[in-house]
Student: 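The following block contains the structure, expressed as structure tokens.
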2 protein chains.
Amino acid sequence: MDRRHEILEAATKSFSLFGYKATTMDQVAKLANVGKGTIYTFFSNKEELFHAIVFAMINEMKAEKDAIISDRRSFQENAHLVLMKMLEFRERHALLSKLIAEEKEMQTPIVQAVLVKVEQEIVHYIAEHIERAISNKEIRDVDVELVAYLIFKAYMAFAVDWQMTHEQALPEEKIVGVFRDTIFRSLIT
Amino acid sequence: MDRRHEILEAATKSFSLFGYKATTMDQVAKLANVGKGTIYTFFSNKEELFHAIVFAMINEMKAEKDAIISDRRSFQENAHLVLMKMLEFRERHALLSKLIAEEKEMQTPIVQAVLVKVEQEIVHYIAEHIERAISNKEIRDVDVELVAYLIFKAYMAFAVDWQMTHEQALPEEKIVGVFRDTIFRSLIT
DNA sequence: AAATGACCGTTATGGTTTTTTAGTCATTTT
DNA sequence: AAAATGACTAAAAAACCATAACGGTCATTT
């Protein structure tokens, strides 16, 4: 039985369920069926454990994105498919929305820092793809950083913020539809 | 000397400077040079006074918007001019950003409720104008509510959120530019 | 009739004690 | 010998509580 893996599983479960602050190392140890000291042989502290989990998630998302994107499809189609896939994560991973909620309630600086890094990471990936599409003359020449930021913020707005002020979450088709009709549409040459 | 007006001035100053919670009625009374009881002859409680001020601000913004919008200009041009005007408010009125900050720090329920109403109000105005432009065949037929929400969220993202994760605020021309190149561009028939 | 500020019940504050937590390390287990 | 452990400690957070500050009222004053 891989102890490192057990710890990661337990910690992921706990962070997702209770957030960063409310997750204790004793709890993680018990959930993982290891002594507390064992955790510290793999991760030097709570923050590093947390970091490892969040970036495992980002890498999982990135891998799924890379598996989808194909040179044989248009930017428009690729964007559409990746957007659909990312919307699946919305339900599958409770972690991010839990962290966003925690960051709003209490100001946990470690959580804040991680969320900023996650944002930078994702915006960076989006920007890379836009850049490439511009080089390929697939889309118009636009301010890459700003458009990437817009796409990220629009995604978060529809996928996460919407249900704060509306009764129910937006169905995925609607989100995909508005992206297709507005931001993506504006980019075609 | 109009007492009601003095009270509104004093309260606006205090709410903008200190936020909702840190503004005391005694303080407002002293600043307005009236007895505390006098405030209660005009406003039934602190929340109502607060409400009056925030919605005076919204109405001021609405008035500026109405003064700008003209049937003789295209939707595109009107949108551009209104966007420019709204960006001026960003610096002029410290109140809204103070409230947003307060809402993030402590969870003041009254502030939260007002911010939700402000969002609804503004999104509603945007939606009305989109609706009209669609009727006039000026822009394409799109999901009005979602596009209005997108415009509002994009505005907040560039005008307010951007400087949270970046060194400095975005210059207004850049914000106007990205709107022109993406969302507005996608709407033209 | 309008304005006021002392007053009241309630809520927030901040100093203090108690509990919980992250991280360590001497001991035990493999 | 190497890995795992959990009792232990210093530090941080929670619970507590006395006291101050607050929103709102109303008998009195202007």
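Computed from a predicted model, the values in this text were never measured in an experiment. Chain naming here is simple, since letters A, B, ... match the order of the sequence lines and numbering starts at 1 in each.
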Student: What pairs with A:Thr23 under side-chain hydrogen bond (donor to acceptor under 3.5 Å, both in side chains), at least two apart in sequence or on another chain?
Tutor: A:Ser14
Student: Should we say atom NZ of B:Lys65 is surrounded by more than 12 heavy atoms from elsewhere, each under 6.0 Å from it?
Tutor: yes
Student: Taking atom NE2 of A:His166 as the centre, report whether more than 12 heavy atoms of other residues, nucleotides or ligands fall under 6.0 Å from it.
Tutor: yes
Student: State, to the nearest 10°, the angle formed by the axis through the first five base pairs of the helix from C:dA1-D:dT30 to C:dT30-D:dA1 and the axis through its last five.
Tutor: 30°
Student: Using a strict 4.0 Å threshold on nitrogen-to-oxygen distance, state whether A:Lys85 and A:Glu88 make a salt bridge.
Tutor: yes
Student: Of B:Leu49, B:Thr41, B:Leu31, which meets side chain to side chain contact (heavy atoms under 4.5 Å, CB included) against B:Ile7?
Tutor: B:Leu49
Student: Report yes if the distance between the aromatic ring centroids of A:Phe179 and A:Tyr155 is under 6.0 Å, otherwise no.
Tutor: no
Student: What N/O pairs connect the protein and nucleotides 22-25 of chain D at under 3.5 Å? Give each pair on its own line.
Tutor:
residue: D:dG23; atom: OP1; partner: B:Thr23; partner atom: O; Å: 3.2
residue: D:dG23; atom: OP1; partner: B:Lys46; partner atom: NZ; Å: 3.0
residue: D:dG23; atom: OP2; partner: B:Met25; partner atom: N; Å: 2.7
residue: D:dG23; atom: N7; partner: B:Lys36; partner atom: NZ; Å: 3.1
residue: D:dG24; atom: OP2; partner: B:Tyr40; partner atom: OH; Å: 3.1
residue: D:dG24; atom: OP2; partner: B:Lys46; partner atom: N; Å: 2.7
residue: D:dG24; atom: N7; partner: B:Lys36; partner atom: NZ; Å: 3.0
residue: D:dG24; atom: O6; partner: B:Lys36; partner atom: NZ; Å: 2.5

Student: Counting only heavy atoms from other residues, nucleotides and ligands, does the tally under 6.0 Å from NZ of B:Lys117 exceed 12?
Tutor: no
Student: Can you give the first and last nucleotides of DNA chain C, 5' to 3', that have an atom under 4.0 Å from a heavy atom of chain A?
Tutor: C:dT21 to C:dT24
Student: Would you indicate whether A:Glu47, at its atom CD, is surrounded by more than 12 heavy atoms from other residues, nucleotides or ligands within a distance under 6.0 Å?
Tutor: no
Student: What pairs with B:Ala113 under side-chain contact (heavy atoms from CB on, under 4.5 Å), at least two apart in sequence or on another chain?
Tutor: none
Student: Share the residues that join B:Leu17 in a hydrophobic cluster, the rule being Ile, Leu, Val, Met, Phe, Trp or Tyr side chains under 4.5 Å apart at the heavy-atom level.
Tutor: B:Phe18
